[in-house]
Amino acid sequence: MNIEQLKKIAAEKATEEIREAMVVGLGTGSTVYYALLKIGEMVRDGLNIIGIPTSSSTEKIATEQGIPLSTVAAHPIIELTIDGADEVDAHLNLIKGGGAALVREKIIANASRRILIVVDESKVSRGLGTSFALPVEIVQFGWEATKRVVDQICGQSELRGGIQKPLITDNGNYILDCHFDEIPEPEKVELQLNNIPGVVENGIFVNRADKIIIGTPSGIRYLE
Ligand code: 5RP
């Protein structure tokens, strides 16, 4: 099986937990994409759900698939969220934000009763930060000053997209990708980074995922 097939089996497995009339958080990324396709199929077959998208890209795909959408303002309690991740550790801690949707993803995660994370096996890591740079969303104003303080924590960060053409998130902000050897205490670093003026949110998700659904060549594996 190639990596796309591993993403697909994980994503489709997660959709089996969707029930009639649920409010479902819809994550972002190339793995969740397969869940959106499957949910679209289920909706066309008569399933009645409301999806809460975590990004403009997911909103677009879900709309194309005919999935009815709403907002977290209208539905402050989300029964089930299906999202992806860039790195997962053995304690179900995550790095997210490779798709630049981390702020909305964390807001939706916070409103969710149950969170399923869908990944291929390459995302399983021996320690957060060892294989993926941590995304940190920062406001544009004074970003160089914010970066200097962020770098005191992570050592070195890069402005995503570069200075000439920085990536702008759905919220109108920049992303710094922060390189760690390993994030020693994820819970502490999550709070430290969010305490810096100019930082909006970072991609460390601690104690939020209920189940990791991993696509492997020999089938589905779970971390719970
Ligand atoms: C977006 C995310 C994604 O869930 C994460 O980047 C994984 O994406 P993919 O499934 O494409 O690897 O956090 O902000």
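No experiment lies behind these values; they were computed from the predicted model shown. Counting from 1, the numbers follow the sequence of the chain as shown. Atoms within each ligand, like the ligands themselves, are counted from 1 in listed order.
- Between Arg148 and Glu144 no salt bridge is recorded (no basic side-chain N to carboxylate O distance below 4.0 Å).
- Ion pairing between a basic and an acidic side chain is recognised when a charged N comes within 4.0 Å of a carboxylate O; Glu41 and Lys38 show such pairing.
- For ligand 1, the protein residues placed under 4.0 Å by at least one non-hydrogen atom are Thr28, Gly29, Ser30, Thr31, Asp83, Gly84, Ala85, Asp86, Lys96, Gly97, Gly98, Gly99, Ala100, Ala101, Leu102, Glu105, Lys123.
- Checking Ser122 against Asp120 by side-chain atom types alone, a donor-acceptor pair falls below 3.5 Å.
- For Lys8 and Glu4, the salt-bridge test fails: no basic side-chain N is under 4.0 Å from an acidic carboxylate O.
- Using a cutoff of 4.0 Å between basic side-chain nitrogens and carboxylate oxygens, Glu190 and Lys106 are scored as salt-bridged.
- A salt bridge does not link Arg113 to Glu79: none of the charged side-chain nitrogens sits closer than 4.0 Å to a carboxylate oxygen.
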